[in-house]
Protein chains: 2
Amino acid sequence: MTTIYDIAKLANVSPMTVSRVINNNGRVSDKTRAKVKKIMKDLHYVPNSMARSLVLQQSHIITLLITDITNPFYTTVARGAEDAANRNGYKLMFGNTDESLLKEQEYVDTFLSMRVDGVLFAPVGDDSKPHLERLQQNNMPLVLLDREVPGVTADAVIGDSKDGARKLVELLIQQGHTRIALVNGSSHVSTARERLNGYVEALKLNDLPVDPSYVTEWKYNQTGGDREVIRSWMDREDRPTAIFAANNILALETLKLLRSMDVRVPDDISLVSFDDFGQADEVSPFLTVASQPAYQFGVLGMQMLIERIQNNEQPARKLVLPCSLITRASSIPPLHLS
Amino acid sequence: MTTIYDIAKLANVSPMTVSRVINNNGRVSDKTRAKVKKIMKDLHYVPNSMARSLVLQQSHIITLLITDITNPFYTTVARGAEDAANRNGYKLMFGNTDESLLKEQEYVDTFLSMRVDGVLFAPVGDDSKPHLERLQQNNMPLVLLDREVPGVTADAVIGDSKDGARKLVELLIQQGHTRIALVNGSSHVSTARERLNGYVEALKLNDLPVDPSYVTEWKYNQTGGDREVIRSWMDREDRPTAIFAANNILALETLKLLRSMDVRVPDDISLVSFDDFGQADEVSPFLTVASQPAYQFGVLGMQMLIERIQNNEQPARKLVLPCSLITRASSIPPLHLS
DNA sequence: TGGCAATATCATATATCGTGGTCATTCGTT
DNA sequence: AACGAATGACCACGATATATGATATTGCCA
């Protein structure tokens, strides 16, 4: 591809003069400037940002790593982060780990080796710790998103999972449910632990028993969960009258499973969950959810990151965003009360 | 950050030896290799891919540009492309244009200046032509996705929009509808033109009139559409009994609008559209759609791109993927027939 | 068995990729 | 002659390729 040397030769000037024209600094006469610009256009010249960031030591690129690009929660986060990045003159590029630690590690290496200016990071879980430490050891500006990691001190924007979970479960209790099951994410993820905490707390506050056999753990992206657990719940005498799914994807999977067993929601069992479904909610608003301000997650995370890029020495900050309860058709009082 | 020079100094070897250890080529004694590796690990060394790709003239990075990251169709495409890229040893990074030509242009410049190995490109529309030409002028391997651009010769993976549209409209006609409106995407986008073609063709084949006032044009991501048009349709004596929305987002927006006017779907009016809603379809399968194999779009596009990276001289190829009709609750015979 | 050339193995010096910063130099004016 | 504006020469950024130098190993023959 064309370089400043090619252009310099054609324009009968030195490469440095071309560089000056490109960056619009230093003194270049209008005549040579025009001549150089014309040749650049004719040759479809594009500056090589590899070479440029090699000498400038910065790329003006920020990356966002999410764990599930098909999850509307994360894509909405992405939109927020993108808008905030563009407003500040940064380009945003995305990576998707698919809840895989291996992919996460590879992306971390890619980001480090690309010398991006900063990373917005939704970690896979607690085992992401070495990856985060690797970023920090290399002094890479970093902001955690949605999930915290024990033992890692870093800026973070997270949701109030415990509070949201408690609100959901208390709603169910108010509706008369006493046997509430939980389809949770992996306990290696902070949000799953917090949601379990909120679930337990709501039960205890209302003097309801906490039955561990009513709690199961899947991965947040639903792969590899034990489908039989739900089946076994339905076979019990004291079958739960409501299920709390810890995120939107788990709620969908649960719903599918219930349908395949001819269990109707909400007639036979109520279902509530965390996170909306993006625009799809409009089709037929159905699930009662604790909704998180996804777009704001992205915007605020990006702002925090850009401040950290400007000064990586400041102490770590943590932002906890509230969730709001949206009551819809999927949760109703249990049969014996209606 | 640490460089091979730092490591070389500590290991008492030359930078070149360190480079050999990193790339596992050339002959290095086991002793020095071990020594160098230890120091690299101690210093958390990460190779600088800017410097590397500067000399190697390749980055092993492929980028995918989509027009709406919150659209489940595109995120599913992304997952397919990602899987195919990883299988072939490439890293995939994403860009999102939000249906904006300006953002598209900026991403094109970024990709060119980053000297990525190839670009998978869902163009905003016909006006993307200069952007695509810019890529081609710089010899950047390129595969179009989902949308074609008149006057641009390039590899492409697209859906059979015309056929899908015809299938949808013919289903409505079979159900007894005769007044079918179309909420289309911009006529500057190839898929919108094809879907209009299919719509018109289905009407003509069934000896139904084509009324231009029953066709409106919005942007595919729904921003800036003229909401009043739909309102005016509903005010007419001969109000349409069915609406065909040209993609999932437009269908949602239409649905919202109808709801706000207390028009019920499907009781008062039927609604069909292109593209699924990802996992959200499971919540409550509702809309009748022409479904495109989104994941396959990504996989096949990526394979095509990788072949083009290996040989950019071969003639352009075009792959047209079929869509399948999924009949659901949103389309029923019109009132007067039931 | 000793001696030396031939060969294989390991390591380094130097040039290069495309750009920007610094400082020296040239040019045109007054 | 003197000054400021315009331009150029050279090096650095962090890596790799090539050619070459420095050892270690082997083979061969007297």
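Every chain is numbered from 1, with letters handed out A, B, ... down the list of sequences.
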- prompt: Contact class for B/P47 vs. all strands (heavy atom < 4.0 Å): base, sugar-phosphate, or nothing?
  reply: sugar-phosphate
message: If the cut-off is 4.0 Å, is A/S29 near the phosphate of D/dT7, judged by side-chain N/O to OP1 or OP2?
response: yes
- prompt: Tell me: CG of A/N25 to P of C/dG20, nearest whole Å?
  reply: 8 Å
task: May I ask you to say what B/T17 touches in the nucleic acid, namely base, sugar-phosphate or nothing, with a heavy-atom cut-off under 4.0 Å?
output: base
message: Tell me whether the side-chain N/O atoms of B/S19 come closer than 4.0 Å to OP1 or OP2 in D/dT16.
response: yes
task: Look at the side chain of A/V55 and decide which nucleotide, out of D/dC13, C/dT12, C/dC17, has an atom nearest to it.
output: D/dC13
- prompt: What is the distance from CD1 of B/I4 to C1' of C/dC17, rounded to the nearest Å?
  reply: 14 Å
task: Classify the side chain of B/R20 and the base of C/dT12 as holding, or not holding, a donor-acceptor pair under 3.5 Å.
output: yes
- prompt: Is it true that B/D83 and A/K103 make a salt bridge, defined as a side-chain N closer than 4.0 Å to a carboxylate O?
  reply: yes
message: In this structure, how many angstroms lie between the C1' atom of D/dT7 and the CG atom of A/N23, rounded?
response: 16 Å
query: B/S14 side chain N/O closer than 4.0 Å to the phosphate oxygens (OP1, OP2) of C/dA13?
result: no
- line: Taken to the nearest whole Å, CG/A/D6 to P/C/dC17 is 11 Å
field: Electrostatic pair B/R134-B/E104, nearest N-O below 4.0 angstrom
entry: no
message: Expressed as a whole number of angstroms, how long is the span from A/Y5:OH to C/dT19:C1'?
response: 7 Å
task: Determine: side-chain N/O of B/Q57 to OP1/OP2 of C/dG18, distance under 4.0 Å, yes or no.
output: yes
field: A/K38/A/D42 ion pair, N-O < 4.0 Å
entry: yes
task: Determine the contact category for A/R27: base if any of its heavy atoms lies under 4.0 Å from a base atom, sugar-phosphate if only primed atoms, P, OP1 or OP2 are that close, otherwise nothing.
output: base
- request: Determine whether more than 12 heavy atoms belonging to other residues, nucleotides or ligands lie under 6.0 Å from atom CZ of B/R317.
  value: yes
Presence of B/Y45 side-chain N/O under 4.0 Å of D/dG14 phosphate oxygens OP1/OP2: no
message: Judged by each residue's nearest nucleotide on DNA chain C, which is more toward the 5′ side, B/D30 or A/M1?
response: B/D30
field: D/dT7 phosphate, OP1 or OP2, under 4.0 Å from A/T32 side-chain N/O
entry: yes
- line: By nearest-nucleotide position on DNA chain D, the 5'-leaning member of B/M50 and B/M16 is B/M50
message: Any side-chain to backbone donor/acceptor pair from B/S190 onto B/G125? Under 3.5 Å, distance only.
response: no
query: In whole Å, what is the span from the NZ atom of A/K9 to the C1' atom of C/dG18?
result: 14 Å
query: Can you check whether B/N48 has a side-chain N or O nearer than 4.0 Å to OP1 or OP2 of D/dC13?
result: no
query: B/N138 CG to C/dG18 C1': how many Å, rounded?
result: 15 Å
- prompt: With a 4.0 Å cut-off on heavy atoms, is A/L56 in touch with a base, just the backbone sugar-phosphate, or nothing at all?
  reply: sugar-phosphate
query: Given atom NZ of B/K31 and atom C1' of D/dT23, what is their separation to the nearest angstrom?
result: 12 Å
message: Check this for me: A/H44, atom NE2, are more than 12 non-hydrogen atoms of other residues, nucleotides or ligands nearer than 6.0 Å?
response: yes
